[in-house]
**Student:** 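Sharing a structure, written as structure tokens. Questions coming.
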Amino acid sequence: MRVTVTGSSGLIGSALVRSLRDDGHEVVRLVRREPERPDEARWSPADGCLEARAIEGADAVVHLAGAGVGDRPWTRAHKRRIRDSRLLGTRTLAEAIASAGDRPPVLVCGSAIGYYGDTGGREVDEKGPMGSGFLAEVVRDWEAAARPARDAGVRVVHPRTGIVLARHGGLLGRTLPLFRLGLGGRLGDGRQWMSWISLPDQIAALRLLIADDIAGPVNLTAPAPVTNAEFTRALARALHRPAPLRVPRIALRAALRGFADEGPLISQRVRPARLEEAGFRFAHPDLDTALAGLL
């Protein structure tokens with residue numbers, strides 16, 4: 001296959017590109033700078049510009065680009081960056097696909113379980129209603145921005161990704177140094193649910209969405225979500241370190257501003273119903289298995 005990928009330098013994108021190439025597929029990476037290699041093509045989401053050769057004749061387009069959600073406090077400017085980077089990029093891709101003479105048959109357009117908002121202890125699957133909050137609204141509009149591709153007859157699938165666990169990068173990569181020093185601890189009261197997926201399962205699921213005939217939203221989370229307290233204990237156990245501390249809610253809110261209540265303090269108990277219905281087999285179905293494989 002020839003697969004066009006945005007966000008190819010990120011945690012998920014770089015792993016996906018590596019996986020596809022290892023299996024002999026051709027990957028075209030969309031970049032915002034001037035291309036430096038034959039496998040790169042330029043696009044500018046802010047201007048709605050994209051090199052047509054990156055889309056024409058592709059077997060799939062995987063859109064993973066977007067400003068980081070949890071890597072800095074949620075100032076007004078950063079919230080605008082989070083929203084614009086997703087909507088403008090998706091709209092640019094969807095319109096380019098719709099106008100292509102030789103359209104790719106599938107657009108795998110990144111999304112997030114932030115759509116469901118805070119679910120408390122209630123389990124939700126893809127049929128669950130939209131929640132409230134900034135991220136829920138962003139996800140709603142993000143998925144809607146792919147409409148030009150859908151209207152043109154292209155299969156559009158939205159992988160609603162949870163917390164991706166990887167040894168380097170993401171939540172796990174950032175917290176490992178603290179836990180190794182015995183300075184780990186639960187966030188707030190630790191009762192909030194965390195819906196996670198290992199990076200290898202994330203990539204395998206994306207590969208399934210490229211090849212299968214699934215359309216619409218698909219939750220990319222493991223079948224066994226855990227509370228933050230359970231995550232803390234499991235990680236400390238895997239590293240043979242104590243994790244006696246607790247980060248108070250007030251400290252998280254002061255450090256992260258609005259993100260605290262839609263990130264580390266939110267409770268999201270999400271079930272990957274459509275992946276399970278498609279027969280997807282998780283390499284890491286539970287947290288202990290995932291940590292053993294990743295660490």
Side-chain angles (χ1 to χ4, degrees), residues 10-19 22 64 68-71 110 112-114 116 119 121 123-125 159-208 218-247 252 256 259-260 263-273 275-276 279-295:
L11 175 68
I12 299 171
S14 59
L16 177 64
V17 169
R18 197 160 50 243
S19 172
D22 285 348
L64 301 172
V69 171
D71 55 354
I113 62 171
Y116 305 108
T119 71
E123 184 180 76
V124 298
D125 61 16
R160 290 179 178 168
T161 300
I163 298 169
V164 179
L165 300 184
R167 183 169 186 173
H168 303 290
L171 171 70
L172 182 60
R174 290 196 297 268
T175 57
L176 272 177
L178 289 174
F179 274 79
R180 285 194 170 112
L181 291 171
L183 299 175
R186 68 186 188 278
L187 305 178
D189 59 23
R191 291 198 294 262
Q192 65 272 30
W193 285 90
M194 300 171 59
S195 292
W196 59 274
I197 186 170
S198 72
L199 182 59
D201 279 337
Q202 172 80 12
I203 300 308
L206 287 173
R207 296 281 303 265
L208 172 70
V218 180
N219 294 333
L220 266 57
T221 58
V226 296
T227 65
N228 178 259
E230 290 169 338
F231 176 84
T232 300
R233 289 194 295 269
L235 182 52
R237 186 167 60 245
L239 294 173
H240 307 289
R241 294 287 189 275
L245 305 178
R246 181 177 73 90
V247 182
L252 284 168
L256 301 176
F259 175 61
L265 294 177
I266 199 172
S267 184
Q268 293 191 304
R269 191 175 184 180
V270 178
R271 179 184 165 207
L275 274 186
E276 293 175 326
F280 182 77
R281 298 187 65 179
F282 288 87
H284 304 125
D286 61 80
L287 186 59
D288 287 333
T289 303
L291 294 176
L294 294 171
L295 302 179

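Remember, it's a predicted structure, so these values are computed and weren't measured experimentally. As a basis for the values below, the full set of heavy atoms in this structure was taken, side chains included, without hydrogen atoms, waters or symmetry mates.
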**Student:** Among all residues two or more places apart in sequence or in another chain, which pass the salt bridge (Lys or Arg N to Asp or Glu O under 4.0 Å) test with Arg271?
**Tutor:** Glu276

**Student:** To check you understand the geometry: which heavy-atom pair defines the closest contact between Ala236 and Pro242, and what is its length?
**Tutor:** CB-C, 4.4 Å

**Student:** Enumerate the side chain to side chain donor-acceptor pair (under 3.5 Å) contacts for residues 166-188, please, sequence neighbours excluded, ordered by first and then second residue.
**Tutor:** none

**Student:** Closest heavy-atom contact between Ala166 and Leu199?
**Tutor:** CB-CD2, 3.9 Å

**Student:** Calculate, to the nearest 0.5 Å, the distance between atoms CZ and CD1 belonging to Phe282 and Ile197 respectively.
**Tutor:** 5.5 Å

**Student:** State, to 0.1 Å, how close Pro244 and Gly182 come at their nearest heavy-atom pair, and which atoms those are.
**Tutor:** CD-O, 3.8 Å

**Student:** Sorted by first residue and then second, give each side chain to side chain donor-acceptor pair (under 3.5 Å) pair with at least one member in residues 279-295; sequence neighbours left out.
**Tutor:** Ser198-His284, Arg237-Asp288, Asp286-Thr289

**Student:** Please report the shortest heavy-atom distance between Val270 and Ser195, naming the atom on each side.
**Tutor:** N-OG, 2.9 Å

**Student:** Tell me, do Asn219 and Val124 make a side-chain contact under 4.5 Å, heavy atoms counted?
**Tutor:** no

**Student:** Hey, could you give me the OG1/CD1 distance between Thr119 and Ile266, rounded to the nearest 0.5 Å?
**Tutor:** 8.0 Å

**Student:** Can you check whether Ala15's main-chain N or O pairs, donor with acceptor, with Ser19's side chain at less than 3.5 Å?
**Tutor:** no

**Student:** How many angstroms lie between atom CD1 of Ile12 and atom OG1 of Thr161, to the nearest 0.5 angstrom?
**Tutor:** 5.0 Å

**Student:** Identify the two heavy atoms, one from Leu64 and one from Gly13, that lie closest to each other, and give their separation to 0.1 Å.
**Tutor:** CD1-CA, 3.7 Å

**Student:** Can you tell me how far the CG atom of Asp201 sits from the CG atom of Leu208, to the nearest 0.5 Å?
**Tutor:** 11.5 Å

**Student:** Enter the distance from Leu172:CG to Trp196:CH2 here, rounded to the nearest 0.5 Å.
**Tutor:** 11.0 Å

**Student:** Mind checking the CE-CG spacing from Met194 to Leu187? Nearest 0.5 Å is all I need.
**Tutor:** 7.5 Å

**Student:** If the test is side-chain hydrogen bond (donor to acceptor under 3.5 Å, both in side chains), which one of Arg269, Gln268, Arg160 qualifies with Tyr116?
**Tutor:** Arg160

**Student:** Would you say the side-chain atoms of Gln192 pair up with the backbone N or O of Asn228, donor to acceptor, closer than 3.5 Å?
**Tutor:** no

**Student:** Which pair of heavy atoms, one from Phe179 and one from Ala243, lies closest together, and at what distance?
**Tutor:** CE2-CB, 4.0 Å

**Student:** Would you say that Val218 contacts Phe280 through its side chain, given a criterion of any heavy-atom pair below 4.5 Å between the two side chains?
**Tutor:** no

